[in-house]
Each structure stands twice: as structure tokens, then as C-alpha cells.
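First the structure, in the form of C-alpha cells, and then the observations on it.
Note that ligands are numbered from 1 as they come in the structure, with each ligand's atoms numbered from 1 the same way.
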Amino acid sequence: MYRYVCKTMLRRLFLSKKVSYQARLFSGNFRYLEVLNNENNVAIVTMKRAPVNTLNSELLSEISSVLTNLDETKCSGMVLTSFSDKVFSSGLDFNEMYESRPATIRTLVSTILEVIIKLYGSPFPTVAVITGHAPSGGCVLSLCCEYRIMVQNFQIGLNVVKLGYSTPLSIVQLMVNTIGHRNAELALTSGRLFTTNEALRVGLIDEIAKDRASAFDKANDFLNQFKVIPPIARHFTKQSMRRALLQDVSINGKIYVEDFVSLISRPKVQELIAAYMANMKNKKKNSN
Ligand SMILES: CCCCCCCCCCCC/C=C/CC(=O)SCCNC(=O)CCNC(=O)[C@H](O)C(C)(C)COP(=O)(O)OP(=O)(O)OC[C@H]1O[C@@H](n2cnc3c(N)ncnc32)[C@H](O)[C@@H]1OP(=O)(O)O
């Protein structure tokens with residue numbers, strides 16, 4: 001009874017302030033995400049897994065739940081961003097890939113696949129406000145959004161070959177759709193990370209911002225243009241543009257996941273991941 005009264009009071013409070021009750025309540029329910037609705041019914045989804053938003057199964061599964069909810073509650077748009085002014089996301093969590101049971105790797109990979117499908121195919125417009133580095137899985141998340149605004153002096157890209165495994169075909173396609181075949185081939189085969197300026201030049205991002213606040217202004221400008229576009233027309237057009245990749249992933253997703261799991265489980269790849277992690281730690285030690 002007490003919980004019911006509290007919930008009802010909270011609901012009235014939020015409704016009276018014309019703030020989305022559901023999204024507000026969400027912000028309290030997640031460990032690694034904050035979800036707030038602005039006055040235009042745009043959801044600001046902030047990843048907050050300190051220190052560097054490493055994508056583990058739990059964070060990914062929270063993003064997946066939010067995407068389902070935003071679809072059901074017909075939000076007008078979504079901004080995906082990071083709590084950090086240094087890192088957007090450092091990609092998939094090595095701790096769930098290194099010396100892990102295949103079941104653990106499988107959960108991680110199928111959860112990112114779930115997020116990719118929901119984010120890439122979302123009916124509402126999506127913007128990534130990239131406030132810091134976005135390597136690998138971080139870059140993939142931003143590529144699934146429709147528009148990317150990145151703060152100056154960071155790096156973004158798909159460096160997976162450096163870790164000893166090939167880039168999955170659909171991820172290759174995601175990159176090709178964004179920066180074209182030639183640029184994607186050069187970038188993916190070398191595991192290139194682009195600076196913010198280089199990323200703009202090649203079309204990996206759409207705009208550069210001097211800081212977080214200005215990135216949010218630009219995100220609002222991007223989203224505001226859709227106020228005069230009928231959402232259904234917009235959604236179907238987006239679906240038409242994205243259908244090929246979405247269909248491929250829905251049909252072959254399980255095969256891609258299994259391929260990726262067995263690739264990561266190979267002893268050679270495990271060795272490379274271990275060396276990469278050790279190198280990260282050494283760099284940190286030497287810089288301290
Ligand atoms: C379309 C459907 C296709 C279906 C196919 C199946 C689906 C597959 C999807 C595949 C997606 C694409 C593949 C992705 C693979 C990955 O994402 S692997 C991860 C790759 N990430 C990186 O290479 C980045 C590594 N990190 C960094 O370079 C730096 O941390 C940073 C530049 C991001 C930030 O630097 P700094 O601010 O100096 O912080 P650090 O001191 O380096 O880091 C702090 C802390 O975090 C640890 N850490 C960083 N990254 C990771 C990580 N990825 N995993 C685990 N841990 C990480 C780092 O070691 C530090 O720990 P300590 O504080 O020292 O304990």
C-alpha cells in the first residue's frame with residue numbers, strides 16, 4: 001500500500017511537470033545507464049559504467065531494455081552519450097572475452113547483436129553524442145545511430161583486426177554504408193582509429209563539437225528537423241535504407257554469433273587479447 005501511494009504521488013509529480021514518468025523512473029532502475037526525457041520527448045540515454053563504459057553483458061542488456069521501452073512508448077528521438085568527457089565507450093569488455101567460458105562470450109556477443117538490431121532498426125531518430133574515444137564496440141554503437149556528433153581531439157574506429165579477429169561481415173557492411181567501400185576497406189584491414197577531424201573528413205561522423213554542451217545543441221538541431229516530418233513516413237524510409245542489413249542479421253544472427261564466439265575462443269586470439277590487455281596496463285603504468 002505504502003509503495004502504491006508513493007508511486008502514485010511520484011507519477012502525479014512527474015506528469016504535472018510534463019516530464020515523462022516512465023523514462024524518469026527508468027533512471028532509477030539501471031545500474032549503468034541514466035535515462036531522462038527532455039521536453040520534446042527525446043530520451044537522453046547516458047552510459048555510466050565507470051571508468052570507460054566498457055560494454056559488458058549487463059550494460060548492453062540495459063541498453064537493449066531501454067530501446068524496447070522507447071519503441072513502446074513512442075519517444076520522439078534518442079541521444080546516446082557517455083557520462084565521461086574522455087571516453088564514449090571502450091568497446092566490448094575483455095574480461096568477458098578472455099579466459100571465459102563459451103557461454104559467457106555467447107551472452108556478451110548475442111546481447112550486443114540484440115542492441116545492434118534494435119538501435120539500427122529503431123523507428124525513432126537516433127543521435128550519438130560522442131564525448132570521448134570510441135574504439136571498436138563503442139564505434140559500432142555510434143554507427144547504429146543515424147547521426148554522429150563528436151567532441152574534438154578523440155579517436156574513433158574499428159580496430160578489431162589488431163586484436164587478432166576479423167570484423168564480422170555485418171559490421172563491415174555497417175562501416176561500408178557509412179564511409180563507402182574504399183575507405184572502409186582501408187580502415188578495417190589496418191584497424192585504423194581516426195581522430196575527430198579525420199573521422200569528419202571520411203564521413204565516419206557528421207559534425208564536430210567543441211564540447212559536450214555544443215554537441216547537445218547540434219543533436220537538438222538534428223532532431224528538431226523531424227518535428228515537421230510525419231513519423232511513419234520517416235520510419236518506413238529509414239527501414240528501406242536499412243532493410244538489407246537488418247534482414248541479414250535477423251536471418252543469420254545466430255550463425256554470426258557462433259562464428260564470433262569460436263573466433264574469440266581460439267588460443268591464438270586469446271593470446272593476442274592477453275597481450276593487448278597487458279599492453280594497456282603497461283601504457284598506464286608508464287604514463288603514471
Ligand atoms: C551486425 C551484427 C553482426 C553480428 C556479429 C556478432 C556481433 C559481434 C559484434 C562485434 C562488435 C565489434 C567488435 C568489438 C570488439 C571490441 O569491442 S573489443 C574491445 C576493444 N577496445 C579497445 O581496443 C579499447 C581499449 N581501451 C583503450 O584503448 C583505452 O582504455 C581508452 C582509450 C578507451 C581509454 O583510455 P584511458 O582513459 O587512458 O583509460 P585506461 O586507463 O586505458 O582504462 C581504464 C581501465 O579500463 C580498462 N579497460 C579499458 N578498455 C577495456 C576493455 N575493452 N575491456 C576491459 N577493460 C578495459 C583498462 O584496462 C583500465 O583498467 P585498470 O584501471 O588499469 O584496472
Using 4.0 Å as the upper bound for N to carboxylate O, is an ion pair formed by [Y] and [X]?
X: Arg243; Y: Asp248; value: no
X: Arg192; Y: Glu198; value: yes
X: Arg234; Y: Glu146; value: yes
X: Glu62; Y: Arg31; value: no

Heavy atoms of the protein only: does one fall short of 4.0 Å from [atom]?
atom: atom 61 (O) of ligand 1; value: yes
atom: atom 31 (C) of ligand 1; value: no
atom: atom 40 (P) of ligand 1; value: no
atom: atom 35 (O) of ligand 1; value: no

Measure across [X] and [Y] and return the closest heavy-atom pair with its distance rounded to 0.1 Å.
X: Cys144; Y: Thr126; value: O-OG1, 4.2 Å
X: Phe88; Y: Ala128; value: CZ-CB, 4.4 Å
X: Ile208; Y: Thr196; value: CG1-CG2, 3.8 Å

Closest candidate by heavy atom, reference atom 16 (C) of ligand 1, pool Ala50, Pro51, Ser250, Ser136: Ser136

Shortest reach to atom 24 (C) of ligand 1 by a heavy atom, considering only Gly253, Ser110, Ser89, Ser90: Ser90

Closest non-hydrogen protein atom to [atom], residue and atom name please, with distance?
atom: atom 27 (C) of ligand 1; result: Met280 SD, 3.8 Å
atom: atom 11 (C) of ligand 1; result: Val140 CG2, 4.0 Å
atom: atom 54 (N) of ligand 1; result: Phe94 N, 2.9 Å
atom: atom 6 (C) of ligand 1; result: Val109 CG1, 3.6 Å
atom: atom 37 (O) of ligand 1; result: Lys86 NZ, 3.3 Å
atom: atom 49 (C) of ligand 1; result: Val52 CG2, 3.7 Å
atom: atom 63 (O) of ligand 1; result: Lys284 NZ, 2.7 Å
atom: atom 2 (C) of ligand 1; result: Leu113 CD1, 3.2 Å

Kindly confirm or rule out an N or O of [X] lying under 3.5 angstrom from an N or O of ligand 1.
X: Val87; answer: no
X: Ser170; answer: no
X: Asn159; answer: yes

Residues, nucleotides or ligands: over 12 heavy atoms within 6.0 Å of Met280 CE: yes

Which atoms of ligand 1 sit under 4.0 Å from any heavy atom of [X]?
X: Lys281; result: 59 (O), 61 (O), 62 (P), 64 (O), 65 (O)
X: Met97; result: 18 (S)
X: His133; result: 32 (C)
X: Tyr256; result: 4 (C), 5 (C)
X: Val160; result: 13 (C), 14 (C), 15 (C)
X: Val249; result: 1 (C), 2 (C)
X: Tyr276; result: 22 (C), 23 (O)
X: Tyr165; result: 15 (C), 16 (C), 18 (S)

Sub-4.0 Å heavy-atom approach of Tyr120 to ligand 1: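 It does not; every heavy atom stays at 4.0 Å or beyond.
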
Residue-ligand contact Thr54/ligand 1, heavy atom below 4.0 Å: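 Contact check Thr54 vs ligand 1: positive.
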
Identified side-chain contact (heavy atoms from CB on, under 4.5 Å) counterpart of Val45 within the set Leu70, Leu36, Ile63: Leu70

Leu108 reachable from Ile264 in the ILVMFWY side-chain graph, under 4.5 Å edges: yes

Between Asn224 and Asn220: side-chain donor-acceptor atoms closer than 3.5 Å: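 There is no such pair between these side chains.
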
Thr54 and Ser90 side chains, donor-acceptor separation under 3.5 Å: yes

Co-members of Leu169 in a cluster of I, L, V, M, F, W and Y side chains, linked at under 4.5 Å: Tyr256

Where does [X] meet ligand 1, judged by heavy-atom distances below 4.0 Å: at the side chain, the backbone, both, or neither?
X: Asp93; answer: both
X: Lys283; answer: neither
X: Leu55; answer: neither
X: Met277; answer: neither

Aromatic ring pairing Phe154/His133, orientation class (parallel under 30°, perpendicular over 60°, tilted between): perpendicular

Ring pair (Phe, Tyr, Trp, His ring centres under 6.0 Å) between Phe94 and Tyr276, worked out: CA-CA 10 Å; Phe94 289 127; Tyr276 194 86; 5.6 Å; yes

Stepwise salt bridge (Lys or Arg N to Asp or Glu O under 4.0 Å) check, Arg148 with Glu207: CA-CA 7 Å; Arg148 283 162 289 285; Glu207 287 193 68; over 6 Å; no

Gap separating the NZ atom of Lys118 from the CG atom of Leu113, nearest 0.5 angstrom: 11.0 Å

Any donor-acceptor pair under 3.5 Å from Thr131 side chain to Ser84 backbone: yes

